[in-house]
Amino acid sequence: MFDIQEIRSQFSILNRQVNGKPLVYLDNAATSQKPDSVLEVWNKYYTEINANVHRGIHTLSQLATEEMELSRRKIQKFINAKHDFEVIFTKGTTEGLNLIAYILTQKIKKDDEIIISYLEHHSNIVPWQLLCERTGARLRVIPMDENGILQLDYLDQYLNERTKVVSVNQVSNALGIVNPIEEIIAKTRKNSEAYIVIDGAQSVPHFNIDVQKLDCDFFVFSGHKMYAPMGTGIVYGKQHVLESLPPFHGGGEMIATCSFEGTTYAALPFKYEAGTPNVGGNIALGAAVDFIEKIGHENIQNHENALLEYAQKQLLEIEGLKVYGEKTKRTGVVSFNLEGIGISSDVGMILDKMGIAVRTGHHCTQPIMDFFNIAGTVRASFAVYNTFQEIDLLVEGVRKARQMLS
């Protein structure tokens with residue numbers, strides 16, 4: 001059974017107050033809170049087995065290595081990668097996308113083309129712009145309509161023999177829109193030999209992911225949005241793709257042999273994991289996978305979809321409130337503004353006084369805001385521990401903000 005109170009009891013931070021009010025945390029698209037089970041695993045590493053991994057024969061090093069590699073295997077199963085060595089530990093989605101854009105440099109030449117979409121986070125825009133600056137390639141953007149739906153007819157027009165990369169997110173962080181990545185991947189495979197990169201930062205907390213079924217070349221996500229510590233993340237890459245590309249960082253761990261005359265590189269995954277990793281965080285990421293799987297993807301998705309439907313219905317009853325992407329398939333996010341109130345942060349500050357945490361601003365998606373000719377939105381985003389009562393408090397707070405700011 002899905003027991004929301006039992007789930008909430010696992011998050012100690014939800015018991016605190018903000019500005020004298022019970023915390024209502026609705027900023028999960030920025031980062032989720034962490035269950036006690038994850039924090040306990042993180043703390044256990046530092047208090048019981050703190051040591052560097054893969055490098056020591058002593059007991060603590062062996063135990064730390066075993067725990068981190070167990071976490072890698074949990075993540076492999078979680079996303080259904082074919083091999084555990086296709087799972088690369090990173091600091092998060094941003095580092096993962098930069099890693100991919102960097103190692104693809106040698107595969108890109110002048111006048112090649114890279115396709116992204118209008119719905120991307122800056123982390124899936126800027127690394128490709130930098131790649132274009134390095135190589136002389138051209139960036140092409142799949143446009144969207146007023147509902148936030150990508151216009152895939154343009155993808156059909158863009159795909160050609162010069163297309164070398166197609167990189168899109170599965171879910172928009174700003175609007176919560178679920179993009180048709182299966183269709184995008186199918187079109188790309190049919191019409192080009194491009195590398196396909198999927199930004200899963202906003203989908204992994206909500207959906208069951210199967211990278212083999214998707215048939216993407218790369219899939220990246222962050223741990224901190226899926227109940228794990230900050231500074232954790234994953235790049236999944238197909239074995240033959242990763243083996244054909246150069247390293248990202250140079251240093252310890254990623255070498256097979258090193259001399260002043262030259263260096264050879266370690267096998268996967270260590271080729272892409274230079275330096276001391278975030279061992280405690282990586283182990284705790286495995287604990288976050290355990291937490292999600294214990295509740296079940298279907299239960300999580302059903303609950304969060306119900307929250308979204310309820311929140312949108314209640315918010316739209318407020319005079320002058322506009323929801324962006326209202327008529328589009330979404331998950332986990334309702335992004336809105338109040339007519340006549342030009343600064344979304346004013347609404348956010350009033351909500352904060354009531355103990356309600358939301359995100360305001362452009363959400364690192366300035367092209368989306370420019371499309372709608374706005375500076376930003378108020379974004380409420382949901383996780384498995386949120387409740388309908390919290391939605392009621394949000395709606396009450398927005399009504400109060402409307403009265404105060406009108």
Any side-chain donor paired with an acceptor under 3.5 Å for Arg134 and Thr105?
yes

Quick check on Glu293: does its CD atom have over 12 non-hydrogen neighbours (other residues, nucleotides or ligands) under 6.0 Å away?
yes

Nearest heavy-atom neighbours spanning Ala29 and Val333:
CB-CG2, 4.3 Å

More than 12 heavy atoms of other residues, nucleotides or ligands under 6.0 Å from CH2 of Trp42: yes or no?
no

No-hydrogen, no-angle side-chain donor-acceptor test under 3.5 Å, His121 and Gln202:
no

Tyr324 six-ring centre to Lys322 NZ/CZ under 6.0 Å and within 45° of normal:
yes

Verify the distance criterion only: is there a donor paired with an acceptor across the side chains of Thr257 and Thr264 at less than 3.5 Å?
yes

Name each donor-acceptor pair under 3.5 Å that joins a side chain in residues 363-376 to protein atoms two or more places apart or in another chain, with its distance.
from	atom 1	to	atom 2	distance (Å)
His363	NE2	Gly361	O	3.1
His363	NE2	Thr377	O	3.4
His363	NE2	Thr377	OG1	2.7
Thr365	OG1	His362	O	2.6

So Phe219 and Gln170, side-chain contact (heavy atoms from CB on, under 4.5 Å) or not? Walk me through it.
CA-CA 10 Å; Phe219 190 95; Gln170 189 168 11; 3.7 Å; yes

So with a 6.0 Å cut-off around OH of Tyr154, is the heavy-atom count from everything else above 12?
no

Glu6 atom CD, over 12 foreign heavy atoms within 6.0 Å:
yes

Please work out which of the three classes, parallel, tilted or perpendicular, describes the rings of Phe11 and Phe291, given edges at 30° and 60°.
perpendicular

Of Arg189, Lys107, Lys164, the one forming a salt bridge (charged side-chain N to carboxylate O under 4.0 Å, His left out) with Asp217 is Arg189

Counting heavy atoms not belonging to Ile343, are there more than 12 under 6.0 Å from its CD1?
no

Compare all side-chain heavy atoms of Phe2 with those of Glu298 and state whether any distance is below 4.5 angstrom.
no

Considering all heavy atoms, the nearest Ala306-Phe388 contact:
O-CE2, 3.7 Å

